[in-house]
Number of protein chains: 2
Amino acid sequence: MAEAAGVSRTTVSFVLNDRPGAAISETTRQRVLQAAATLGYVPSPEARALKTGRSDIVLCLLPDWPITGPLGVLLKKLSAHLAEAGLTMFSHQRNAVDDLTQVLQSTTPAAVVAMCDLTPAEAAFAQQRGVHLVAWMGVIPGYPDEAGLRQSDVGRLQVSALAGLGHERVAYVLPHDTDLAWFSDPRRDGASERAAELGLAFEHVRLTDDVGSTTGLVDGLTTSGTTGVCAYNDEVAFSVVKAAQRLGREVPRDLSVVGVDDSVIGRLSEPSITTVSFELAHEAENLAALLAVGRNLPARSSARPAEVIRLVPRASTAPPGRA
Amino acid sequence: MAEAAGVSRTTVSFVLNDRPGAAISETTRQRVLQAAATLGYVPSPEARALKTGRSDIVLCLLPDWPITGPLGVLLKKLSAHLAEAGLTMFSHQRNAVDDLTQVLQSTTPAAVVAMCDLTPAEAAFAQQRGVHLVAWMGVIPGYPDEAGLRQSDVGRLQVSALAGLGHERVAYVLPHDTDLAWFSDPRRDGASERAAELGLAFEHVRLTDDVGSTTGLVDGLTTSGTTGVCAYNDEVAFSVVKAAQRLGREVPRDLSVVGVDDSVIGRLSEPSITTVSFELAHEAENLAALLAVGRNLPARSSARPAEVIRLVPRASTAPPGRA
DNA sequence: GCTCCTTGGTAACACGTGTTAGTAATACGT
DNA sequence: ACGTATTACTAACACGTGTTACCAAGGAGC
């Protein structure tokens, strides 16, 4: 394109990249910019990536499940922050067919943020390709977890909330959908740990495909003396509440329920459902800064928020047996 | 890498790409594959893309909102299908900062499927770069809509369902979240059109941020004689049902409600909520075939399903006034 | 006038691949 | 024995960019 502007290709490169040490007269500079504008010229991303060794892409590796709730919002914000730094964010949902090794044969991103666990082979492959790896909610062998948030902490907070009200027998209710196992299992394990620390009785059950069977499951829990239930999310919490009500039990008098996500369904439920809310607004900034190292991005927000998860007390929890 | 296998680079390229017209002895072929395996060699995606003019990426351009429900499932399936064809699917949520023009400066994908509307400038830019554009649920100036699904059809189906039961005054209830406008407006407009065709009275209201105000909105609807409500989705439908019940109205006797998405909340609601379900399983195949033209993908599924949306009758709808 | 330094710019290499054209060796037909 | 066809392979170019090394012109210092 430069040739059409009466100047060498090198000069164009210098102008467009604002090369620090280069000496370009203002007139030439303007001529180049003018020509680029009229021709609609943009550099080839592949050639640039080939030469520099990495592209402008930040790959967001997600677990194999539909994105919704607070995490969806985080992705949106992260994408916007990265765009300001000149980086383009792509998402890629984890998939049975192609792992990170396969994906990296389609592009060489500037960075990969792992929101799901990576195998040592995947990590090694990315490292060999010179790809910047960031573990955020996902575990990468040999890398520190950059997330202020562990799924197990969610479970721990739920149990702590119930324990604070005096409950001594608690249970965790998992969703039917096994796609969610990657999220639900750590939450349950965190809850289990916390219950053990506090000396509470703990058990867990998983919902089945059949909606009607939830009633039986909840009946089993209450008859065994459980007074507090941690649900995987507000949707599961809602179905537990419904089942308890079908059984003639009253929430929270006979059974306290804690959900996760602070979603509309929990707010509209009767009684409204105590839940765990995510405060991910600052995390998006932090992550962006972490990914765009060496880019012109506003400095990483000074302090990490002490807690990225927060309990939202509502009507579905109370001391056991209307103490 | 080839040099380490005692063979020329060209031969490596021929072997790894299974070049049709090439003559390679079996021993050499094995030697190359062996060397590639031991060295862990994979071709540079950028160099390949630079040479061939396009990469293995299928970019999925999404509207600016969190993905959930049936569309999330579709994306997952599409990604798997494309992976089988050797293509890697990335998603990119529409963003205020970077439009398609910006994105295409980070990579040159094999194809872009537009699930949101594109400006003429964006379409022209993609065309100039030789990117295969497919309009699926999104409008691209000058391109045919490949989706068997229009959002307006959802609204039309909802109104038709209510009309079939004898309702003569219907209303559309939109969600508060304006991020969803891209989806909700076409649904409302389709409903409006259908109502006009059938000679029904039609109006629409939008929920506000304040959950409590929903009661007032629903009260207004019923006092004005509305007997049937089409909700943007099951969540909105649920909140309408709750509001009606708070007002002492009975569903479906005093008010029929139709949602969208066939989600858990609608199934668990009392009464359960009549909804519109999406059958997108075949669409994923069709889309994949459309995107992977010239690739070794199983042929496009023979027949298009007649209907990709389907009404699921449940307890929240009945003839008006318990006819 | 000669050398040295700064300003403004360019020629040429390298990135790693796909592809075309070409070469050496062997087989085949007569 | 000679021309032709086939097999097996390779040299060399091109893709579009970033970057290093180099060159020309003009002024400053002596």
Side-chain angles (χ1 to χ4, degrees), chain A residues 1-36 39-57 86 104-110 125 128-131 294-295, chain B residues 1-36 39-57 86 104-110 125 128-131 294-295:
Chain A
M1 92 102 188
E3 301 71 9
V7 81
S8 88
R9 212 179 46 69
T10 309
T11 307
V12 174
S13 179
F14 285 170
V15 169
L16 293 185
N17 294 358
D18 275 344
R19 196 148 199 283
I24 305 286
S25 71
E26 189 55 27
T27 64
T28 311
R29 177 186 168 74
Q30 286 304 327
R31 194 152 37 118
V32 170
L33 292 176
Q34 175 68 29
L39 292 186
Y41 167 86
V42 281
S44 150
E46 280 79 18
R48 180 203 293 268
L50 174 61
K51 188 59 187 149
T52 62
R54 75 201 69 258
S55 75
D56 285 346
I57 296 174
L104 290 188
Q105 290 178 30
S106 283
T107 188
T108 305
F125 190 81
Q128 175 197 336
R129 297 290 253 203
V131 174
R295 294 249 169 190
Chain B
M1 91 105 188
E3 302 70 11
V7 81
S8 89
R9 212 179 47 69
T10 309
T11 306
V12 174
S13 178
F14 285 170
V15 168
L16 294 185
N17 293 359
D18 275 343
R19 197 148 198 284
I24 306 285
S25 72
E26 190 55 27
T27 64
T28 310
R29 178 186 166 74
Q30 287 304 328
R31 194 152 38 116
V32 170
L33 292 176
Q34 175 68 28
L39 292 186
Y41 167 86
V42 280
S44 150
E46 280 79 18
R48 181 203 293 268
L50 173 60
K51 190 56 187 151
T52 62
R54 75 201 69 258
S55 75
D56 285 348
I57 296 173
L104 290 188
Q105 290 179 29
S106 283
T107 188
T108 306
F125 191 80
Q128 175 198 333
R129 295 290 254 205
V131 175
R295 293 250 169 188

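Proteins come first, then strands; the chains are lettered A, B, ... in the order of their sequence lines, and each starts at number 1. Since the model is a prediction, treat every value here as computed from it, not as a measurement.
Computed from coordinates, the R48(B) CZ to dG16(D) P distance equals 18 Å when rounded to whole Å. Atom-to-atom, CZ of R54(B) to P of dC15(D) comes out at 15 Å; the value is rounded to the nearest Å. Distance CG (L39(A)) to P (dG16(D)): 15 Å, rounded to an integer number of Å. In this structure, Y41(A) places its OH atom 7 Å from C1' of dG16(D), rounding to the nearest Å. Going from atom CG of N17(A) over to atom P of dT19(D) covers 7 Å, rounded to whole Å. In this entry the distance linking CG of L50(A) with C1' of dG16(D) reads 9 Å, nearest Å. Following rounding to the nearest Å, L16(B) (CG) and dT19(C) (C1') show an atom-to-atom distance of 15 Å. As rounded to whole Å, 15 Å separates atom C1' of dG18(D) from atom CG of D18(A).
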Please step through side-chain contact (heavy atoms from CB on, under 4.5 Å) for the pair R48(A) and N17(A), ending with a clear verdict.
CA-CA 11 Å; R48(A) 180 203 293 268; N17(A) 294 358; 4.2 Å; yes

Could you go through V131(A) and F125(A), starting from their C-alpha distance and side-chain angles, then the distance that decides it, and tell me whether this counts as side-chain contact (heavy atoms from CB on, under 4.5 Å)?
CA-CA 9 Å; V131(A) 174; F125(A) 190 81; over 6 Å; no

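A donor-acceptor pair shorter than 3.5 Å can be found between the side chains of T108(B) and E46(A).
Contact between the side-chain N/O atoms of S13(A) and the OP1/OP2 oxygens of dG18(D) is found at a separation under 4.0 Å. The shortest distance between the side-chain N/O atoms of R19(B) and the OP1/OP2 oxygens of dT17(C) is not below 4.0 Å.
Contact annotation for V42(B): backbone-only contact, meaning every heavy-atom pair under 4.0 Å involves sugar-phosphate atoms and none involves a base.
You'll find the side chain of L104(B) reaches within 4.5 Å of the side chain of P109(B), heavy atoms only.
Looking at T28(A), its side chain never comes within 3.5 Å of a backbone N or O of I24(A) through a donor-acceptor pair. A donor-acceptor contact shorter than 3.5 Å is absent between the side chain of R54(A) and the backbone of A49(A).
The two residues R129(B) and P43(A) have their closest heavy-atom pair at NH2-O, 3.5 Å.
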Are any protein N/O atoms closer than 3.5 Å to N/O atoms in nucleotides 8-11 of chain D? If there are, list each pair with its distance.
| residue | atom | partner | partner atom | Å |
| --- | --- | --- | --- | --- |
| dC9(D) | OP1 | T28(B) | OG1 | 2.5 |
| dC9(D) | OP2 | S25(B) | N | 3.1 |
| dC9(D) | OP2 | S25(B) | OG | 3.2 |
| dC9(D) | OP2 | T28(B) | OG1 | 3.0 |
| dT10(D) | OP2 | S8(B) | N | 2.9 |
| dT10(D) | OP2 | S8(B) | OG | 3.0 |
| dT10(D) | OP2 | T11(B) | OG1 | 2.6 |
| dA11(D) | N6 | T10(B) | OG1 | 3.0 |

